[in-house]
Amino acid sequence: MAEEGVVTVYGSGAITDPTKTSFSIKAGMAQMLRGGAIFEVMNLDQAKIAEEAGACAVIVSESISKGISRLIDPAVIKEIKRRVSIPVIARARVGHFVEAQILEAIGVDYIDESELSVADEDNFINKHNFRTPFVCGCRDLGEALRRVREGAVMIRIQGDLSGSGNVAETVRNVRKVMGDIRVLTNMDDDEVFAFSKKIGAAYDVVAQTKEMARLPVLHFAAGGIVTPADAALMMQLGCDGVLVGSKIFGSADPYKRVRAIVQAVRHYNDAQVLAESCSELDVTVADLRIVEE
């Protein structure tokens with residue numbers, strides 16, 4: 001079993017093209033994000049603020065048009081990659097392997113197969129066919145492990161997708177995933193087969209989850225996280241990091257707010273540091289309205 005939670009269940013039969021980067025290598029690469037905060041950005045200025053404030057990565061996005069989140073202009077991604085030194089993540093629609101091919105061609109560090117918009121209602125991207133590591137979302141353990149079996153090396157335990165600033169759904173989904181893992185770890189080997197069938201996940205990945213007593217890849221919380229306290233809550237619930245939406249950059253002092261969340265993730269068990277991080281924000285009613293709308 002590999003150290004640091006890296007998945008090793010995939011043998012040579014899982015990847016038919018020997019020129020592709022192995023799953024274990026990609027999963028190992030993703031470990032550099034552990035214990036960090038990823039911020040969604042829409043332009044270079046926001047990406048630079050996130051980098052200066054200590055973000056471990058940025059995810060480049062654009063506003064949703066008529067409910068569809070399409071591939072962002074590759075020129076924007078290239079410019080951000082040239083100007084920041086932290087990893088850059090970009091989104092492809094669910095099942096849209098051509099968008100993923102384009103993102104890999106321009107050299108993004110990670111591809112997020114985002115459920116914000118679906119191109120293929122029945123099929124996810126075969127992530128083993130790519131050199132670039134993939135991030136995928138989930139709302140329960142079965143969904144998480146199905147995405148891992150498809151080749152995702154990082155999981156977003158996803159909450160609210162509307163940008164409302166309500167963290168309750170994220171908390172519910174994180175607790176559900178963690179609770180199901182605790183149930184799994186107490187099963188005997190015979191019960192694991194039935195449990196795998198129940199949640200619709202491959203037995204080998206379920207068995208490894210039981211052995212490790214955690215998801216076998218990085219798992220971040222996403223959705224509704226707008227305060228340092230929200231971020232620290234996710235970390236104390238057992239997440240490896242947090243992903244914060246772009247609306248945080250609409251606050252009066254985005255650098256101060258981003259920095260406070262980064263500090264909260266790094267010192268999530270230190271209530272004194274958390275109190276200082278929250279007090280530095282000088283939050284006004286107007287700030288909260290902008291962030292939570």
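The structure presented is a predicted model; accordingly, all values stated were derived computationally and were not measured.
With hydrogens and angles ignored, the 3.5 Å screen pairs a side-chain donor or acceptor of Asp109 with a backbone N or O of Val88. The closest donor-acceptor contact from the side chain of His96 to the backbone of Glu99 lies under 3.5 Å. The backbone N or O of Arg139 sits less than 3.5 Å from a side-chain atom of Glu143, completing a donor-acceptor pair. Proximity of a side-chain donor or acceptor of Glu115 to a complementary backbone N or O of Val94 within less than 3.5 Å is not detected. Side chain of Lys81 to backbone of Val108: no donor-acceptor contact under 3.5 angstrom is found. The main-chain N or O of Pro216 is never found under 3.5 Å from a side-chain atom of Gln208 such that the two would form a donor-acceptor pair. Within the 3.5 Å criterion, the main-chain N or O of Ile199 finds a donor-acceptor partner in the side chain of Arg146. Side-chain atoms of Gln263 never come within 3.5 Å of backbone atoms of Arg259 as a donor-acceptor pair (strictly under, hydrogens ignored). Checking side-chain atoms of Glu51 against main-chain N and O of Ser85 turns up a donor-acceptor pair under 3.5 Å. Using modelled atom types, no side-chain atom of Glu40 and backbone atom of Val60 make a donor-acceptor pair closer than 3.5 Å.
With rounding to the nearest 0.5 Å, the separation of SG in Cys138 from CG in Asn173 is 7.5 Å. Ile157 contributes atom CD1, which lies 12.5 Å from atom CG of Leu243 (distance to the nearest 0.5 angstrom). For the atom pair Arg266 CZ and Ser277 OG, the distance stands at 10.5 Å (nearest 0.5 Å). Going from atom CE of Met29 over to atom CE of Met154 covers 13.0 Å, rounded to the nearest 0.5 Å. A distance of 11.0 Å separates CD1 in Ile59 from CD1 in Ile111, rounded to the nearest 0.5 Å. Summarising the geometry, atom CD belonging to Glu113 is positioned 9.5 Å from atom CZ belonging to Arg156; distances are rounded to the nearest 0.5 Å.
Pairing each heavy atom of Ala50 with each of Phe39, the nearest pair is CB-CB, 4.2 Å. Nearest heavy-atom pair across Val167 and Gly223 is CG2-O, 4.2 Å. Contact between Ala260 and Pro228 at its shortest, heavy atoms only, is CB-CG, 3.7 Å. Of all the heavy atoms in Ile261 and Ala231, the pair that sits closest is CG2-CB, 3.9 Å. Minimum heavy-atom separation, Val226 to Ile248: O-CD1, 4.4 Å. Across all their heavy atoms, Pro87 and Tyr110 have their closest contact at CB-CE1, 3.9 Å.
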Query raised in the report: Stepwise, does the side-chain contact (heavy atoms from CB on, under 4.5 Å) test hold for Arg175 with Met178?
Result: CA-CA 5 Å; Arg175 284 192 177 277; Met178 300 305 182; 5.8 Å; no
Query raised in the report: Taking it one step at a time, do Phe220 and Ile225 satisfy side-chain contact (heavy atoms from CB on, under 4.5 Å)?
Result: CA-CA 11 Å; Phe220 277 43; Ile225 300 169; over 6 Å; no
Report task. Determine, stepwise, if the pair Leu116 / Arg91 fulfils side-chain contact (heavy atoms from CB on, under 4.5 Å). Result -> CA-CA 9 Å; Leu116 284 171; Arg91 286 189 171 129; 3.6 Å; yes
Query - Intermediate values then yes/no, side-chain contact (heavy atoms from CB on, under 4.5 Å), Met234 and Asp230 - result: CA-CA 7 Å; Met234 297 302 142; Asp230 290 341; 5.7 Å; no
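A salt bridge links Glu150 to Arg147: at least one charged side-chain nitrogen sits closer than 4.0 Å to a carboxylate oxygen. One finds a salt bridge joining Asp240 and Arg214 here, because a Lys/Arg side-chain nitrogen approaches an Asp/Glu carboxylate oxygen to under 4.0 Å. Using a 4.0 Å cut-off between charged side-chain N and carboxylate O, Arg257 and Asp253 make no salt bridge.
Hydrophobic clustering, with ILVMFWY side chains joined whenever heavy atoms are under 4.5 angstrom apart, keeps Phe124 apart from Ile89. Transitive grouping of hydrophobic side chains (ILVMFWY, heavy atoms separated by less than 4.5 Å) keeps Val262 and Leu274 in distinct clusters. Criterion: ILVMFWY side-chain heavy atoms under 4.5 Å apart, direct or through other members. Under it, Ile155 and Val118 are not part of a common hydrophobic cluster. In the hydrophobic clustering of this structure, Val258 does not group with Val273; members are Ile, Leu, Val, Met, Phe, Trp, Tyr whose side-chain heavy atoms approach within less than 4.5 Å, directly or through other members. Cluster annotation: Phe195 is connected to Val148 through the hydrophobic network of ILVMFWY side chains, with a link wherever side-chain heavy atoms come within less than 4.5 Å.
When side chains are defined from C-beta on, Val153 does not count as touching Leu218, because their heavy atoms never get closer than 4.5 Å. Inter-residue side-chain proximity for Ile77 and Leu103 is flagged as met; some heavy-atom pair is nearer than 4.5 Å. The closest side-chain heavy-atom distance from Thr170 to Gln158 is not below 4.5 Å. Side-chain atoms of Leu141 and Leu215, non-hydrogen and from C-beta on, do get closer than 4.5 Å to each other. Using a 4.5 Å heavy-atom threshold, the side chains of Arg172 and Lys176 count as separate. Looking at Val76 and Asn43, their side chains never come closer than 4.5 Å, going by heavy atoms from C-beta outward. Counting only heavy atoms from C-beta outward, the side chains of Cys239 and Val174 approach each other to under 4.5 Å. Proximity of Val244 to Val242: side-chain heavy atoms (C-beta onward) are separated by under 4.5 Å at one or more points.
Residue pairs meeting the salt bridge (Lys or Arg N to Asp or Glu O under 4.0 Å) criterion with at least one partner in residues 186-201, sequence neighbours excluded, do not occur; the list is empty.
For Tyr203, the ring-ring contact (aromatic ring centres under 6.0 Å, His included) criterion is met by Phe193, not counting sequence neighbours. Residues passing the ring-ring contact (aromatic ring centres under 6.0 Å, His included) test with Phe134 are Phe130, sequence neighbours excluded.
Other residues, nucleotides and ligands contribute more than 12 heavy atoms inside 6.0 Å of the CD atom of Gln236.
Between the side chains of Arg93 and Ser117, no donor-acceptor pair is found at a separation under 3.5 Å.
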